[in-house]
Amino acid sequence: MGMAKLKIGGTWAGVVENVDLEQWTLATLRDHVAARSNTSADSINLICAGRILKDDAVSLSHLGIRNNSKILATRASSPNQEHSLLAQEERANRLARIRAAATALADRHSDGALPVEDFNIEVEDQSGQTVRLGSETDQRAVMTGLMLHAKGKRLIRQGNYKDALEVLTMGEEAFSLCDPKVIELIDNVPILQIDMVWCYFMIRDIRWLSDAGKRLEIARAGIERAHGKDSFRLRLLQGGRYPELALHLRLELLEGVVAYHTGQLEKSRKVLGYARAKFVQLQVPDEALSLVMSMGFVERDAKRALRMNNQDVGSAIDFLAEEKAKKLQKKEEDIRRRDEIKEQKRYGMTPLKKAVDLERLKELVSIGFEKDLAAEALRKNENDTQKALDDLTNPETNSALQVNIESRKRKRQKQAKDSAIENVVQMGFERSRVVAAFEAGGTIEQVLQRLTAQPETDPTSAAGNMQPQENSTAAADGGASSSAPLPDVYSDILDMMNNAEDPSNYSKTEERDVEMEDELSADISKSDALADYDIEVNVEGEAITEYLALLESAGSGGKLVASQ
């Protein structure tokens, strides 16, 4: 193992060269940073990947520090700083939770296994088509990157640029694990770079300039590659629209700012000029806005549509109608997908913990096999259609499949029944009465009616005379009769009996950070294919004016010094 290089930021910023990760302990590194910061070692905290590093005697490699690791050095507390240290630790924990939840979600959703949730996270292109990227590793890396990017964008919207920067850095790290060929044609990675520099700019931290310059170069090259020169490829996808105008404006503004602070005044003036022209182009004329709004659209949507359609009212209205249709289609698609996942859960998992492939199941059903049986054959044979066919056509293995289905069905029903009994008990009925009412048989509606309609009668004696009157008690379609309508709470239990999942799916439910996972899934579900280009450009407009004025006052003479 050669010598490593560590990047340090915070109380002292710089690079520590020639570090032997096996030999150096955390204490060695702490002393080194303390000496550079002119402070005592015991007042230095080191943070890496969202964790405060604690164990001084342990080697750096043991702590997970690698070549090029980024480490944040902060001054530790005198007692009155105790509070800020706690806040910092809390923030570090939260950031670590975000990373862990994104990784866990991507792991569960990238390999075709059964999702624990009733939704699946899928990668889509701009036209809304689901995309499988390269290998499973690539799929997982892109998914994690996209999730963290969505989280970072939400933090930017909330004005929390420091945390956004941390989360975007994690996103960048995730994307870097992906085969470059897979992602060079998508613009998420360059957009992430622009978002990071936007955070530097909003924090007004000019120290990051050299880094900012590099990031903007990567962004420009990446966007040109993904959109084609002059955004040609994107134009084809978007049917002659200009969704990315605001994004280019932000890129040019940031390039102008970086050029200004590095003393390249001419370049700055030129680039800011381009940005200003785009800013003017993105100003929504009042009459156009009121025309679009008079068609029943709200202001925010109307503005967005006009900005993305070069202020053309007709195109903006078409665009809004298309968006509405897409949303509706997406909603239907989501419902269909959710139902599929429910169905897949009923069939259980293959030995390698994958879901039963519904396309292959359709094929087997289309040649005349019974659905549950075909699903069991695919499940047992890891979705191999040929082996499943062999099992289905051989009488011996066929009957073994049936025995399997039956025993799983019994397990499922028992599980559903136990769970139904629990639910009914929670409604406030006494357990012994509930169990007796279930023992008496009949449909779940009848069980519930027994409990609600005849509180005093012995449920078992009532059972006899319940059976023959099935139709008067429960309507033919399985719903309750009008004479004794059932409260909504009960309908869940009805579904449970039919849709209980295969108990073997739950052999091990791993510990999940459900709260953080829900937060991340919410970030994803709210964004759409054009969200990245949907930028209100007011802040940009002010910044362009501010920097053009600075250039004006600088005249053309004198090199500027980076100001903090």
Side-chain angles (χ1 to χ4, degrees), residues 104-123 130-140 143 333-420 494-512 517:
L105 275 169
D107 282 352
R108 285 209 307 278
H109 289 267
S110 61
D111 65 352
L114 263 183
V116 191
E117 304 82 357
D118 276 341
F119 59 80
N120 208 345
I121 296 172
E122 287 156 355
V123 180
T130 303
V131 185
R132 294 289 309 170
L133 294 150
S135 69
E136 202 177 290
T137 316
D138 295 331
Q139 182 85 357
R140 187 177 297 143
M143 230 178 235
E333 181 59 25
D334 285 348
I335 292 171
R336 187 187 64 75
R337 193 66 192 94
R338 193 161 286 167
D339 290 345
E340 278 184 1
I341 290 169
K342 265 195 183 140
E343 182 184 343
Q344 284 175 309
K345 284 186 172 175
R346 225 178 54 233
Y347 300 136
M349 291 192 264
T350 69
L352 289 176
K353 300 272 180 275
K354 298 279 189 280
V356 168
D357 185 319
L358 294 180
E359 285 308 308
R360 294 181 183 188
L361 179 57
K362 264 194 209 115
E363 285 165 24
L364 289 174
V365 171
S366 73
I367 45 179
F369 290 104
E370 199 257 318
K371 198 172 193 181
D372 280 356
L373 204 58
E376 176 57 19
L378 283 169
R379 186 196 70 76
K380 178 178 160 252
N381 290 296
E382 211 55 66
N383 286 316
D384 181 321
T385 309
Q386 193 46 55
K387 286 184 179 157
L389 266 172
D390 295 346
D391 275 356
L392 287 164
T393 45
N394 169 337
E396 217 165 279
T397 45
N398 185 308
S399 72
L401 291 175
Q402 297 201 37
V403 169
N404 242 347
I405 293 175
E406 270 315 304
S407 88
R408 285 232 311 284
K409 197 172 176 181
R410 276 199 301 280
K411 249 193 203 163
R412 237 189 0 246
Q413 283 172 342
K414 178 175 172 359
Q415 203 185 29
K417 186 175 173 185
D418 291 348
S419 166
L494 296 177
D495 292 344
M496 244 170 33
M497 287 299 232
N498 305 325
N499 292 329
E501 288 161 19
D502 178 356
S504 62
N505 289 359
Y506 292 105
S507 52
K508 71 169 204 17
T509 345
E510 64 266 37
E511 269 301 293
R512 292 169 50 210
E517 288 186 3

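Values below: all heavy atoms of this structure, side chains included; hydrogens, waters and symmetry mates excluded. These figures come from a predicted structure and were not determined experimentally.
In this view, Glu370 satisfies the salt bridge (charged side-chain N to carboxylate O under 4.0 Å, His left out) rule with no residue, not counting sequence neighbours. Taking the salt bridge (charged side-chain N to carboxylate O under 4.0 Å, His left out) definition, one finds that Glu343 meets it with Lys371, sequence neighbours left out. Residues meeting the side-chain contact (heavy atoms from CB on, under 4.5 Å) test with Asp390, sequence neighbours left out: Gln386. For Glu359, the salt bridge (charged side-chain N to carboxylate O under 4.0 Å, His left out) criterion is met by Lys362, not counting sequence neighbours. Residues forming a side-chain contact (heavy atoms from CB on, under 4.5 Å) with Glu363 (at least two apart in sequence, or on another chain): Thr385. Every residue two or more places apart in sequence or in another chain that forms a salt bridge (charged side-chain N to carboxylate O under 4.0 Å, His left out) with Lys414 is listed here: Asp418.
In this structure, the separation between CG on Asp384 and OG1 on Thr350 is 11.5 Å, given to the nearest 0.5 Å. In this structure, Asp339 CG and Gln344 CD are separated by 11.5 Å, a value rounded to the nearest 0.5 Å. To the nearest 0.5 Å, atoms CG (Asn394) and CG (Leu389) are separated by 12.0 Å.
A salt bridge does not link Lys380 with Glu376: none of the charged nitrogens is closer than 4.0 Å to a carboxylate oxygen. A salt bridge does not link Glu333 with Arg337: none of the charged nitrogens is closer than 4.0 Å to a carboxylate oxygen. With salt bridges taken as basic N to acidic carboxylate O contacts below 4.0 Å, none links Lys387 and Glu382.
A side-chain N or O of Asn381 and one of Asp391 form a donor-acceptor pair less than 3.5 Å apart.
Using a 4.5 Å cut-off on side-chain heavy atoms (C-beta onward), Thr393 and Phe369 make contact. Looking only at side-chain heavy atoms (C-beta outward), Met143 and Gln139 come within less than 4.5 Å of each other. Within the 4.5 Å cutoff, the side chain of Leu358 has heavy atoms near those of the Tyr347 side chain.
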Q: Would you please test Arg346 and Lys342 for side-chain contact (heavy atoms from CB on, under 4.5 Å) and show each step?
A: CA-CA 6 Å; Arg346 225 178 54 233; Lys342 265 195 183 140; over 6 Å; no

Q: Check the pair Leu364 / Leu378 against side-chain contact (heavy atoms from CB on, under 4.5 Å), numbers first and verdict last.
A: CA-CA 9 Å; Leu364 289 174; Leu378 283 169; 3.7 Å; yes

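The backbone N or O of Val356 sits nowhere less than 3.5 Å from a side-chain atom of Asn383 that would complete a donor-acceptor pair. At distances below 3.5 Å, not a single donor-acceptor pair connects side-chain atoms of Asn404 with backbone N or O atoms of Ser399. In this structure, the side chain of Arg379 does not engage the main chain of Gly348 through any donor-acceptor pair within 3.5 Å.
Closest heavy-atom contact between Leu361 and Ala374: CD1-CB, 3.6 Å. Scanning both residues, Asp372 and Ile405, for their nearest heavy atoms gives O-CD1, 3.5 Å.
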